[in-house]
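Basis for what follows: all heavy atoms, side chains included, without hydrogens, waters or symmetry-related copies.
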Amino acid sequence: VIGIVHVIINFQGILNYSLGFLSVSMGLFILYQITGGRGIGGGDIKLMAAAGLLLGWKHIILALVLGCIIGSIIHIILMKVSDKGRMLAFGPYLSVGIVISMLCGNQLLSWYTDILFG
């Protein structure tokens, strides 16, 4: 609901926020359909769709990348240290990626594009 209100208030950015809603969540939904729900959970899809309405497409993609990197590092360590299984709860890592993207996404994206394009 907050995301929809945000889009209504910031109507000039409707394309940005609509793409944010669809860009990551549709990819995750396709993964969900292909794996029959074993590759990703439905809550992760909804989380990224709602966050995409608030962040826009660039920041939600950044949040996904950060969540994947952070989740991979932490879960590999947990698997080695405490014999954790291969399944992980992805939502907390996605949430960390969302928060980082909210707080310093512009700086990270600017830094990254400066590296790529000088």
Could you name each residue pair satisfying side chain to side chain donor-acceptor pair (under 3.5 Å) that touches [range], not counting sequence neighbours?
{"range": "residues 40-52", "result": "none"}
{"range": "residues 28-37", "result": "none"}
{"range": "residues 69-80", "result": "none"}

(Q) The test is side-chain contact (heavy atoms from CB on, under 4.5 Å); show your working for V99 and L103 and say whether it passes. (A) CA-CA 6 Å; V99 170; L103 296 176; 3.8 Å; yes
Measure the spacing between [atom1] of [X] and [atom2] of [Y] and express it to the nearest 0.5 Å.
{"X": "M48", "Y": "I61", "atom1": "CE", "atom2": "CD1", "result": "9.5 Å"}
{"X": "L64", "Y": "I69", "atom1": "CG", "atom2": "CD1", "result": "9.5 Å"}
{"X": "L47", "Y": "L28", "atom1": "CG", "atom2": "CG", "result": "9.5 Å"}
{"X": "K58", "Y": "T113", "atom1": "NZ", "atom2": "OG1", "result": "8.5 Å"}

Q | Minimum side-chain heavy-atom gap Y93-L66 below 4.5 Å | A |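 Y93 vs L66: side chains apart.
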Show me the side-chain donor-acceptor pairs of residues 14-22 shorter than 3.5 Å, one per line, residues at least two apart or across chains.
unit_1	atom_1	unit_2	atom_2	d
N16	OD1	W57	N	3.2
S18	OG	I14	O	2.7

Q. Looking only at heavy atoms, which two atoms of L53 and V7 are closest? And how far apart?
A.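 Of all heavy-atom pairs spanning L53 and V7, the closest is CD2-CG2, 3.7 Å.
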Q) Taking ILVMFWY side chains as joined if any heavy atoms are under 4.5 angstrom apart, and letting links pass through other members, which residues group with F117? A)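 W111, Y112, I115, L116, all in the cluster of F117.
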Taking only residues two or more places apart in sequence or in another chain, which ones pass side chain to side chain contact (heavy atoms under 4.5 Å, CB included) with [X]?
{"X": "I34", "result": "I30"}
{"X": "L54", "result": "I2, H6"}
{"X": "S101", "result": "L55, H59, L62, A63"}
{"X": "V96", "result": "I70, I100"}

Q.
Quick check: is V5 connected to I60 through a chain of hydrophobic side chains (ILVMFWY, heavy atoms under 4.5 Å apart)?
A. no
